[in-house]
Structure formats: structure tokens, C-alpha cells
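Here is the structure we will look at.
First the proteins, then the strands, lettered A, B, ... as listed; each starts at 1. Keep in mind that what you see is a predicted model, and the values were worked out from it rather than measured. Atom set for the values below is all heavy atoms of this structure, side chains included, hydrogens, waters and symmetry mates excluded.
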Number of protein chains: 4
Amino acid sequence: MRKKGANGQESRARLLTVAANEFARSGYHKTKISTIVSRAGLTQPSFYLYFDSKEAVFNELMLKFRSQLKELIADGRLEAGISREDVPGRITAVLSSLFEFLERDPDLTQIGFFIGQEASEVKKELTAMIEQNLKAEQKDGYFQQEANMTIIAECLVGTLERLTLQQLLTGKCTPEDLAHQVVNLYMFGITA
Amino acid sequence: MRKKGANGQESRARLLTVAANEFARSGYHKTKISTIVSRAGLTQPSFYLYFDSKEAVFNELMLKFRSQLKELIADGRLEAGISREDVPGRITAVLSSLFEFLERDPDLTQIGFFIGQEASEVKKELTAMIEQNLKAEQKDGYFQQEANMTIIAECLVGTLERLTLQQLLTGKCTPEDLAHQVVNLYMFGITA
Amino acid sequence: MRKKGANGQESRARLLTVAANEFARSGYHKTKISTIVSRAGLTQPSFYLYFDSKEAVFNELMLKFRSQLKELIADGRLEAGISREDVPGRITAVLSSLFEFLERDPDLTQIGFFIGQEASEVKKELTAMIEQNLKAEQKDGYFQQEANMTIIAECLVGTLERLTLQQLLTGKCTPEDLAHQVVNLYMFGITA
Amino acid sequence: MRKKGANGQESRARLLTVAANEFARSGYHKTKISTIVSRAGLTQPSFYLYFDSKEAVFNELMLKFRSQLKELIADGRLEAGISREDVPGRITAVLSSLFEFLERDPDLTQIGFFIGQEASEVKKELTAMIEQNLKAEQKDGYFQQEANMTIIAECLVGTLERLTLQQLLTGKCTPEDLAHQVVNLYMFGITA
DNA sequence: CATGAATGAGTATTCATTCAT
DNA sequence: AATGAATGAATACTCATTCAT
């Protein structure tokens with residue numbers, strides 16, 4: 001009865017957005033419910049109207065990130081049979097859209113990649129998916145037979161993680177740019 | 001009934017070790033002084049006999065990591081003038097000793113690389129140092145002139161970070177092994 | 001089971017009253033938040049709902065005393081120009097209302113006059129104000145020209161302080177009574 | 001065996017002096033044993049070699065003050081039978097030596113007069129003694145018969161207390177000076 | 001005579017969470 | 001749909017005090 005046009009879904013969404021921002025900026029523990037509700041223009045009990053607990057909001061955000069990421073990966077699988085010279089372009093496109101996704105909601109990316117223990121799992125899953133793809137492509141002869149794709153995938157994820165944090169989310173590079181550079185580096189190295 | 005051979009320095013060291021382990025396993029906030037002292041076989045006031053605060057121990061650990069790392073890096077700078085075919089070997093050696101250092105005290109590595117806000121600074125500094133080295137070598141003609149060393153350095157740090165966490169600290173790979181693979185990847189890529 | 005008519009302002013007031021009583025009886029350090037809230041029928045967190053800290057409540061009480069006192073003094077300034085024979089009556093009235101004020105809230109008086117380091121400042125201020133008044137009256141010829149009003153003011157404040165503690169707050173004398181005796185003493189002495 | 005010329009009595013004396021200073025400056029609660037021993041160049045256990053507890057040192061200091069004061073008062077009792085014109089001089093001398101005593105050891109005076117609950121008793125006793133003397137002199141006809149000596153004594157003690165704190169211990173006035181002024185004020189008042 | 005090392009007991013403060021309205 | 005008021009449970013930190021040497 002306080003806010004006239006009060007709308008449950010809107011309040012919930014606002015809380016979620018603010019929560020994401022707080023978690024992203026301050027981490028899980030330093031984030032206080034009191035801050036979230038205050039920034040959302042609500043009071044503490046209202047928070048519990050929409051979420052079961054602090055952990056619950058966090059999980060919801062994490063889940064959101066994970067499912068979006070999973071979906072993206074599922075769509076972007078490299079099909080076999082493309083010609084050798086198209087591989088770089090194809091991979092660039094995949095990475096590009098991955099960076100685009102990571103750029104879309106910085107707070108969510110921060111949470112999904114860097115906050116909480118689940119972030120670790122997320123990256124493990126991402127690594128596994130990438131490893132699968134790389135191995136398939138290796139089997140098809142696109143990559144060196146002796147390359148250890150488990151390690152390469154790990155390297156790549158570390159690279160993506162760091163570039164996301166330092167170049168993408170800071171606005172220093174565009175998704176396409178980053179994708180290009182990564183592909184170049186990983187395919188041909190930097191030797192003169 | 002006090003410990004007979006009660007020795008201050010020993011108690012302090014024990015507290016420091018346990019603290020490192022707790023911080024590494026649980027992060028800064030979840031780590032409780034009560035757990036630390038209990039594991040060290042002491043009581044809470046004893047903790048404050050040796051450290052000013054929870055933050056102070058953490059800072060001491062972080063400082064320890066940072067100074068050790070700095071020292072390592074300072075020592076390991078590539079000298080210019082080595083012949084072209086020795087560059088890979090030289091870099092491998094540097095990375096190898098870096099991984100060895102990171103492997104030596106896993107808890108400290110965890111803290112210095114992954115816990116707290118300073119970890120971010122640590123990696124930035126590491127990135128900057130690496131970037132310097134890479135640029136010097138690029139100037140000497142070892143690497144492609146058009147490679148963006150800022151980005152490469154970032155990629156490399158991400159790679160190191162991830163390999164440390166997933167391969168090194170889990171005991172899956174040796175420092176030498178990882179160094180080799182990273183150098184191979186970054187110098188020549190994985191294209192067949 | 002919350003109090004039915006739970007009312008924030010009332011709770012706050014209750015806390016303030018109890019706090020004043022505890023500070024007055026036990027001094028700042030011996031006063032425990034746990035005692036205050038317990039006597040106020042609340043729990044510890046509730047205390048922090050209304051006050052920032054133990055120090056903050058104390059300061060609030062001290063401020064309350066100081067501002068009330070300041071107001072009283074401001075109102076009671078002796079106007080010049082009254083006839084010589086009215087001076088004693090006038091001063092008696094002023095002291096009387098001062099004692100009345102000090103009697104009104106014994107706990108607050110205890111705090112403002114005897115507890116904490118600010119009590120010292122309070123008395124210094126009071127002394128300064130009284131000195132001003134006495135000097136003005138001296139200039140008007142009501143008092144001996146050679147009397148050192150700085151000292152007299154100090155004596156008077158000591159006297160007021162002690163009488164308040166021993167005679168007023170113990171109920172042994174009324175404000176009027178005390179005022180009369182003080183004026184008599186200070187104006188004419190006790191010589192036969 | 002640490003300090004070569006270590007002398008128990010000397011250490012004890014040093015502790016006592018430092019303790020007095022700390023109590024005087026910071027009050028009972030804020031005074032820490034750790035500070036005392038540190039300033040005395042000793043360690044905590046040594047403190048307990050000479051005193052049973054924090055309270056015990058304080059009591060010892062308080063007792064010291066009280067007994068010295070009691071002795072002083074006992075000596076200074078006004079004998080009856082002196083001529084009327086000598087009364088002021090006699091009283092001045094008494095007050096003067098009282099102020100001198102209070103000036104001798106400022107820390108002890110601070111403790112005995114202003115710190116702890118016993119200070120209250122001290123002043124009550126002082127008041128009682130003064131009241132006795134005044135009443136005796138009143139009976140002898142030196143003072144007005146209708147003066148309420150209970151109140152006057154109280155006033156006087158307040159005055160002494162305040163002058164000691166503000167004028168004597170700050171070095172602004174000498175004992176003789178203060179004694180004179182007080183006697184003048186209390187005997188003849190300030191009326192022009 | 002003195003201390004290095006350790007502790008029992010206490011206290012302010014914080015935060016997620018809940019009831020009654 | 002929302003809130004004013006309140007709390008359970010936890011935690012960092014302090015200080016006087018004590019053994020064993």
C-alpha cells in the first residue's frame with residue numbers, strides 16, 4: 001500500500017539487478033542485504049518476499065549466468081567437415097560471440113566467472129566443453145596431433161578469463177578484437 | 001598447563017602456517033580466528049600476542065608472497081643478446097622456476113593469486129613485468145613486430161593462473177612440463 | 001513474540017532512560033550494553049537499531065545535558081541596572097532555577113557533571129559563564145572591586161557541584177534553600 | 001638476573017609512581033597494567049610480584065593519600081581560645097598547608113580526590129572534619145550562630161576541590177594565595 | 001629478581017532473518 | 001505488496017592474571 005504503482009515483478013527485478021551489482025562489486029560476503037534493499041528502495045522484509053535468502057539470490061544469479069552460457073556454447077559447436085582455411089574464422093566467430101555474451105551483463109559475468117565457489121565449476125565446465133571441441137578438431141587434423149588439448153583448453157580458459165576482466169569489461173577492447181588476437185596467438189604463436 | 005618447550009617464534013610460525021591454510025581453503029571472511037588458534041593448539045589471546053589483527057596476518061602472508069615473487073622475477077629477467085635459438089629454452093627456464101615457486105607453498109600461492117583484493121594487484125604487476133620482458137625481446141626481433149604484447153602478457157598471466165590452479169597445485173603436471181607446453185603454445189601455436 | 005504495541009520511539013526513549021541511569025550509577029566503562037538492553041526489555045541488536053555505539057548514546061545524553069544547561073544559563077543572565085538591594089534576590093532566583101534544573105533529571109546531572117571527560121568541559125564552560133556575569137555585576141559596583149572573579153567563579157562552581165551531589169540529589173535540601181544559603185555565604189560570609 | 005642492580009624495593013617504587021601517574025591521567029579503567037609495567041621497564045608478571053592486583057595498587061595509593069591527609073588534618077585542628085582577630089590567620093594557615101599538601105604529589109591528589117568511588121568517601125570525611133572544626137569555632141562565637149555549618153562545610157570542600165583542580169594543580173595560584181582568597185570569601189563575602 | 005608465553009572471561013558490534021501489521 | 005520493529009547467533013578483540021623457568 002506504500003508505493004502506489006507497486007508491482008511485485010518489478011520490485012523483484014530491481015532487487016535482482018541491485019544484488020548482481022553489489023555481488024559483482026563487493027563479493028558475496030561483503031554484500032549486505034541491507035544495502036541491496038536500500039538501493040532498491042525497499043525494506044528488508046520485502047527482500048524475503050521474493051527470495052528465500054541471500055544465498056538464494058546469489059544462486060539465482062549464478063544459475064542465470066550458467067544457463068545462458070550453456071545455451072551459447074551449445075549453439076556454437078563447431079561442425080566438422082569445414083575446410084581447413086575456414087577453421088580460424090569459425091573459431092574466431094565462436095570466441096567473438098562468447099566475448100559478446102560476457103560483455104552484455106558485466107555484473108553477471110563478474111559473478112559467474114569470479115565470485116563464489118561455483119565460479120570455479122563454471123570454468124571447469126567451460127574448459128571441458130572447449131576441450132571436447134578442440135579434440136574433435138584435432139581428430140579432424142586441423143591441429144597438431146601431439147598437442148595436449150587438456151592443457152590447451154585450460155590455457156585458453158585462463159586467457160579468456162583474464163582478457164574478459166582486464167580488456168573486455170574495462171572497455172579497452174571489443175569482443176571481435178579480442179577474439180582475433182586470441183585465435184592468432186593460439187593458432188600461430190608469436191615467434192617472428 | 002602450558003606447553004613445556006613453549007617457544008614464541010614457533011607458536012607464531014604455527015599460527016602463520018595454519019592461517020595461510022585457512023585463508024587458502026576458506027577465503028578471508030570465512031576464516032575465523034577461533035579456528036586458526038584452535039588448530040594451532042592455542043587460545044584466542046595468544047593470536048593477538050603475535051599479530052595485531054586478522055587483517056594483519058593476512059597482510060603479512062600477502063606481503064610474503066609478493067616479496068618472494070618480486071625477488072624471483074627480478075632475478076629471472078631475460079638478458080638480451082642471446083641467440084635466437086636459445087630464446088625458447090631461456091623462457092622455458094624462467095617459467096619453470098616461476099611454476100616451481102608457485103608450487104612450493106600452495107597455500108601462499110592461493111592467497112597471493114586468488115584471495116583478497118590485493119591478488120588483483122599482484123597479477124597486474126606480474127602482467128606489467130611480463131609485458132616489459134616481452135617487449136624487450138620483441139624489440140630484439142625474437143617475436144613478431146605486430147604482436148600486441150599488452151594483450152599477450154594478459155593472456156599469458158591468465159594461462160599461468162589457470163594452469164597453476166588446475167594442473168600445478170593439483171599435482172597433475174610438473175613445473176617443467178607446464179613451462180614447456182606454455183612456451184610451445186605461445187611461440188608456435190597449435191596449427192597442424 | 002514481539003511486543004504488541006512495539007513502538008520505535010518508545011523503545012528508543014526507554015533505552016535512553018535506562019542508559020542514563022546505568023551511566024549515572026556505574027560510570028561509562030562499567031556500563032554494559034547487555035545490561036541496558038536487558039533492563040529495557042530488548043536484545044542487543046535493537047540497541048544498534050537506535051544508536052550507533054555505546055559512545056554515541058553517552059554523547060547524546062551529554063549533549064542533552066549541555067544544551068539544556070546552556071539554554072537555562074542563556075535565559076538567566078542578570079540584567080544590569082537593577083537596584084542594589086535586588087541583587088541578592090536576583091542571584092538567588094538564578095541559582096534556584098539552576099538547582100531546580102539539576103534536580104529534575106538526576107541521572108543526566110550525574111552524567112553531565114561527574115561522568116566522562118566532557119564533564120570537565122561542562123564545568124569549565126559554566127565557570128566561564130558565571131565569571132562573565134560576576135564581572136559585569138562587579139563593574140556595576142555590586143561587588144568589591146578587588147575581588148578576583150575568576151577565582152570566585154571557580155569557588156562557586158565547586159560549591160554548586162558539591163551541594164548538588166550531596167544535598168540536592170540526596171533530597172536533603174530544596175533548590176530554594178540551597179540557593180539562599182549559597183547567596184548568603186558568598187555575599188556576606190560567615191563572620192559573626 | 002636480567003637487570004644487574006635490580007632492586008626489589010626500587011622496582012616496587014617505580015611501579016607505584018608510574019601507576020599513580022597512569023591512574024591520575026587516565027582513570028582507573030583506562031589504566032592498563034601493560035602500560036604501567038612497560039613504563040616502569042618491567043614485565044607483567046613482575047607487577048604481580050609486588051602487588052596482588054590492579055585494584056590492590058590503586059587501593060594502596062588511595063590509602064597513602066588518605067592517611068597522609070588524615071595526619072595533616074589531625075595536626076591542624078584549630079585550638080579554641082585564640083583571640084577573635086587571629087581566627088582568619090589561623091584558618092588561612094590551615095588551608096594553606098592543606099593546599100601545600102595537595103600540591104606536593106599531584107598524581108596522588110588526583111587519585112584521592114577525583115578517581116574511583118573512594119574519592120567520594122574521602123571528601124565526605126574531609127567534610128565531616130571541617131564541619132566539626134567550624135562548629136567548634138561557631139560555638140566559640142567566631143561565626144554567626146545561625147550559619148548552617150553542615151552546608152558551609154560542604155561548600156568549602158567543593159571550593160577546595162575545584163580550586164585544587166583548576167588553580168593549584170595547573171600552577172596558576174600558590175597555596176597561600178588560594179588560602180587567603182578562600183578565607184576572605186568565606187568570612188566576609190564579596191558584597192561591596 | 002625477573003620474564004617469555006599463555007589464557008579465562010568478558011564485551012561491543014554485525015548481519016541475515018522473522019513476526020505482526 | 002510492503003514495512004516497522006525486533007532478534008539469534010556469531011565473531012573480533014581486550015585485559016587482568018598466571019605458570020614454568
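- Using a 4.0 Å heavy-atom distance criterion, B:Thr31 is classed as a sugar-phosphate-only contact.
- D:Phe51 comes within 4.0 angstrom of nothing in the nucleic acid, heavy atoms only.
- With rounding to whole Å, B:Lys30 atom NZ is found 19 Å from F:dA12 atom C1'.
- Across C:Phe58, C:Tyr28, C:Phe65, a single residue satisfies side chain to side chain contact (heavy atoms under 4.5 Å, CB included) together with C:Ile111, and that is C:Phe58.
- At whole-Å resolution of the value, CG in C:Asp52 and P in E:dC15 are 13 Å apart.
- A cation-pi arrangement is absent between C:Lys54 and C:Phe23, since the terminal nitrogen or guanidinium carbon is not both under 6.0 Å from the aromatic centre and inside a 45° cone about the axis.
- Atom NZ of D:Lys54 is separated from atom P of F:dT17 by 8 Å (rounded to the nearest Å).
- Summarising the geometry, the separation between CD1 on D:Ile36 and P on F:dT17 is reported as 11 Å, rounded to the nearest angstrom.
- Mapped onto DNA chain F by nearest heavy atom, B:His29 and D:Lys32 fall at different nucleotides, with B:His29 at the one closer to the 5' end.
- When the C1' atom of F:dT17 is taken as reference, atom CG of D:Leu49 falls 14 Å away, rounded to whole Å.
- E:dC15 atom C1' lies 15 Å from atom CD of A:Glu55, rounded to whole Å.
- What you find for A:Thr170 and A:Leu165 is that their closest heavy atoms are CG2-O, 3.6 Å.
- Using the Watson-Crick or G-U wobble rule with both distances under 3.5 Å, E:dT7 pairs with F:dA16.
- The side chain of C:Tyr48 places no N or O atom within less than 4.0 Å of a non-bridging phosphate oxygen (OP1 or OP2) of E:dC15.
- Listed nucleotides E:dG4, F:dA16, E:dT7 differ in distance to B:Leu42; the shortest reach to its side chain belongs to E:dT7.
- If you check E:dA6, F:dA5, E:dA2 against the side chain of C:Tyr50, the one that comes closest is F:dA5.
- Between B:Asn7 atom CG and F:dT21 atom P there is a gap of 14 Å when expressed in whole angstrom units.
- Residue order along DNA chain E, read from the 5' end via each residue's closest nucleotide, puts C:Phe47 first among A:Phe47 and C:Phe47.
- If you find the closest nucleotide of DNA chain E to C:Ser53 and to A:Gln44, the one lying nearer the 5' end belongs to C:Ser53.
- Considering only heavy atoms from C-beta on, A:Val122 stays 4.5 Å or farther from A:Glu125 through its side chain.
- Looking only at distances, no side-chain donor or acceptor of D:Ser46 sits under 3.5 Å from a matching main-chain atom of D:Leu42.
- Considering only side-chain N and O atoms, A:Ser46 lies nowhere under 4.0 angstrom from the phosphate OP1 or OP2 of F:dA2.
- Remark: A:Ser11 is not in phosphate contact with F:dA1, judged by side-chain N or O atoms under 4.0 Å from OP1 or OP2.
- Checking E:dT18, E:dT3, E:dT13 against every side-chain atom of A:Pro45, the shortest atom distance belongs to E:dT18.
- With a 3.5 Å ceiling on both atom-pair distances, the Watson-Crick or G-U wobble partner of E:dT21 is F:dA2.
- With rounding to whole Å, A:Glu22 atom CD is found 13 Å from E:dC15 atom P.
- A 4.5 Å side-chain heavy-atom check between D:Asn59 and D:Glu118 finds at least one atom pair inside the cut-off.
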